[in-house]
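So you know, we letter chains A, B, ... as the sequences are listed, proteins then strands, and number each from 1.
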There are 2 protein chains.
Amino acid sequence: MLQFGYHQLLQGCRECGKIKRCFANDLVGNPLDPVTPNLLHDLIQPKGRYIYYQGEDIKNLFFLKAGSVKNIYANNQGDQQIINFYFPGEVIGLAHLYHSYYLSSAITLEKSIVCAFSLPFIQANCEKFPNLLKNILEHFNAEILHCHESLLAINHGIASKRLGVFLLDLIHRQNLAHNRPILIRLTMSRADIANYLGLAPETVSRVLGKYEKSGLILANKKKIQINNLNKLTALVG
Amino acid sequence: MLQFGYHQLLQGCRECGKIKRCFANDLVGNPLDPVTPNLLHDLIQPKGRYIYYQGEDIKNLFFLKAGSVKNIYANNQGDQQIINFYFPGEVIGLAHLYHSYYLSSAITLEKSIVCAFSLPFIQANCEKFPNLLKNILEHFNAEILHCHESLLAINHGIASKRLGVFLLDLIHRQNLAHNRPILIRLTMSRADIANYLGLAPETVSRVLGKYEKSGLILANKKKIQINNLNKLTALVG
DNA sequence: CGTCCCTTTGATTTATGTCAAATTCGGTGG
DNA sequence: CCACCGAATTTGACATAAATCAAAGGGACG
């Protein structure tokens with residue numbers, strides 16, 4: 001297992017493109033404790049790798065530096081529900097912070113880079129660094145708000161509205177709105193999107209087809225080009 | 001406006017049946033500051049009263065001592081979505097903690113009693129009282145988990161499954177499971193339930209009727225008696 | 001070049017929304 | 001206490017969006 005002193009780790013962190021949102025950013029001036037591997041840095045994970053398993057003891061929060069991850073919950077019957085997707089700059093595992101074990105699994109959708117922060121480390125440093133706490137609360141808050149918006153969209157939308165909300169969410173979370181044309185790279189399968197939105201994969205396919213016919217988007221397998229953001233925004237309400 | 005010193009307020013708090021989950025419980029030994037009205041105690045609200053309005057500046061977190069509250073979000077088009085219901089011992093307004101204004105409205109469903117904690121008060125005391133912070137994070141966490149479960153239920157359930165999940169959630173959150181028979185008092189209208197579950201009010205009515213015919217429950221207007229909790233649990237998966 | 005899996009497309013079924021009407025409930029005032 | 005009114009709920013008939021079932025097309029990868 002990796003064994004770095006914090007100073008080395010944090011040195012590397014300063015060059016991370018996502019440092020602004022990362023916990024590491026809040027630890028500047030932290031007294032070093034090179035003995036325990038509380039911060040695992042730049043773990044490179046292949047596609048399909050479990051970051052953590054549902055039921056496993058919770059040990060870390062993860063900061064996603066590159067790639068993408070799906071968060072999936074399975075009930076007793078084996079039904080599976082994708083709860084959320086995560087993108088660079090986001091924190092994975094937050095929803096489990098006050099439980100002893102993970103309540104869902106996190107799986108990479110593509111080759112990804114994550115940094116792991118141990119819970120004792122986080123908790124100890126929250127007391128010392130108010131900014132760290134604030135950062136965590138903000139991520140927490142974003143998680144709740146995202147959930148609320150998902151609920152609204154899924155509850156009251158027909159399929160085409162749900163997919164519209166999904167696309168807009170991707171644009172927003174990946175900061176794509178300022179590019180022309182807006183290009184989305186879907187790292188998840190149609191089945192994943194369908195599961196996430198509570199639709200059948202066939203319906204996702206049909207709605208994308210319908211969007212394309214109406215000139216709203218240009219869809220080519222995993223690449224989506226948004227031609228008319230205003231119209232898409234209007235569609236979802 | 002009410003003007004009490006904290007010692008008086010906290011005195012009253014110790015007799016509150018919900019003190020265990022309340023922030024006030026974490027403030028024992030707090031130095032008093034009787035000047036600012038940071039803690040408004042036992043506000044009695046009639047049915048239909050707004051605790052806060054969507055768009056209003058966020059000033060307080062609220063602890064619900066008695067009654068029940070619905071949390072509702074309206075988009076630009078005027079579509080409304082009930083995000084959650086709150087019951088005694090729960091905290092209202094948490095999802096807005098890191099925004100400047102409320103992103104949804106909270107409305108009492110019946111005569112209710114709430115206590116208001118100002119944000120500066122909360123924030124200042126979080127630094128002094130680790131238990132307070134822990135408490136807030138636990139409430140936060142519960143909020144996220146509830147959201148996840150709602151998503152799962154609503155996404156992958158047919159109407160009867162959604163309503164089953166809803167009833168089980170009420171039983172759980174109101175600690176009704178240990179009573180025989182289990183009696184639920186629905187403080188919200190059928191239309192509210194329908195909106196929350198993403199169904200039509202007629203469907204809610206029909207599903208309740210179906211439950212009753214199958215002997216699962218006994219429904220009499222706002223009162224629901226659960227006859228077969230195991231069967232209901234099995235139904236929702 | 002062939003296999004497998006993902007995706008798309010088409011035909012059919014079904015759950016649930018919508019519209020409309022009947023019934024019940026809850027509150028108000030005589 | 002009872003009669004009335006409006007609102008909420010239930011019930012019924014019908015329309016429709018989306019699931020399901022089935023099969024064909026297209027990429028990725030060995």
Side-chain angles (χ1 to χ4, degrees), chain A residues 46-48 70 79-82 107 109-111 153-167 184-214 217-224 235-237, chain B residues 46-48 68 70 79-82 107-111 153-167 184-214 217-224 235-237:
Chain A
K47 175 176 176 175
K70 67 177 169 182
D79 302 330
Q80 295 201 318
Q81 166 68 34
I82 294 175
I107 308 167
L109 290 164
E110 60 187 319
K111 185 176 167 183
I154 287 167
N155 255 356
H156 284 257
I158 56 176
S160 63
K161 193 166 163 180
R162 294 189 207 187
L163 226 155
V165 170
F166 174 70
L167 292 178
I184 305 177
R185 190 177 52 92
L186 298 175
T187 54
M188 65 296 288
S189 70
R190 300 283 193 269
D192 280 345
I193 299 173
N195 179 289
Y196 176 65
L197 295 175
L199 298 170
E202 295 94 326
T203 305
V204 171
S205 195
R206 275 184 253 269
V207 171
L208 284 175
K210 207 180 64 178
Y211 277 176
E212 204 166 3
K213 278 196 196 69
S214 74
I217 68 169
L218 223 93
N220 183 343
K221 46 184 180 169
K222 300 278 191 195
K223 298 205 194 305
I224 307 281
L235 180 77
V236 306
Chain B
K47 175 176 177 173
S68 51
K70 66 177 168 183
D79 302 329
Q80 296 201 318
Q81 166 67 35
I82 295 177
I107 308 166
T108 53
L109 291 164
E110 60 188 318
K111 184 175 168 185
I154 287 166
N155 255 354
H156 284 258
I158 55 175
S160 62
K161 193 168 163 177
R162 295 190 207 187
L163 226 156
V165 171
F166 173 70
L167 292 179
I184 305 176
R185 191 177 51 93
L186 298 175
T187 54
M188 66 296 289
S189 70
R190 298 287 192 268
D192 280 346
I193 298 173
N195 180 290
Y196 176 65
L197 295 176
L199 299 169
E202 294 93 328
T203 304
V204 171
S205 196
R206 275 184 255 267
V207 171
L208 283 175
K210 207 180 63 174
Y211 278 177
E212 203 166 4
K213 277 193 197 71
S214 73
I217 66 167
L218 224 94
N220 183 341
K221 46 183 179 169
K222 300 277 191 196
K223 296 203 197 307
I224 308 282
L235 180 78
V236 306

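- Here Lys161(B) pairs with Asp79(A), Ile158(B), Val236(B) under the side chain to side chain contact (heavy atoms under 4.5 Å, CB included) rule; sequence neighbours left out.
- A residue-by-residue look at Gly209(B) and Ser160(A) shows that Gly209(B) has its nearest nucleotide of DNA chain D further toward the 5' end.
- With sequence neighbours left out, the side chain to side chain contact (heavy atoms under 4.5 Å, CB included) criterion links Asp192(A) to Lys70(A), Ile82(A), Phe85(A), Leu109(A), Met188(A), Ser189(A).
- Partners of Ala153(B) according to the side chain to side chain contact (heavy atoms under 4.5 Å, CB included) rule, which considers only residues two or more places apart in sequence or in another chain, are Val165(B).
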Under 4.0 Å protein heavy-atom contacts per nucleotide of nucleotides 23-30 of chain D, with B for base, S for backbone only and - for none: -----S--
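- Residue Lys222(A) is classed as a sugar-phosphate contact, given heavy-atom separations below 4.0 Å to backbone atoms only.
- Computed from coordinates, the Lys223(B) NZ to dT9(D) P distance equals 14 Å when rounded to whole Å.
- Contact check for Ile184(A) versus Lys223(A): no side-chain heavy atoms found under the 4.5 Å cut-off.
- Annotation: side chain of Ile154(A) is in contact with side chain of Asn155(B) (closest heavy-atom distance under 4.5 Å).
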Listing, residues 198-212 of chain A side-chain donor-acceptor contacts under 3.5 Å, not counting sequence neighbours, or none:
| residue | atom | partner | partner atom | Å |
| --- | --- | --- | --- | --- |
| Tyr211(A) | OH | Ser160(A) | O | 2.3 |
| Tyr211(A) | OH | Gly164(A) | N | 3.1 |
| Glu212(A) | OE2 | Ala219(A) | N | 3.2 |

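- Across residues 184-203 of chain A, Gly198(A), Leu199(A), Ala200(A), Glu202(A), Thr203(A) each have a non-hydrogen atom less than 4.0 Å from an atom of DNA chain D (numbered order).
- Between the two ends of the helix from dC1(C)-dG30(D) to dG30(C)-dC1(D), each summarised by a five-pair axis, the helix axis turns through 50° (rounded to 10 degrees).
- Judged as a side chain to side chain contact (heavy atoms under 4.5 Å, CB included), and not counting sequence neighbours, the contacts of Glu110(A) are Ser68(A), Ser112(A), Arg185(A), Thr187(A).
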Mind listing the N/O atom pairs, protein and nucleotides 11-15 of chain C, below 3.5 Å?
none

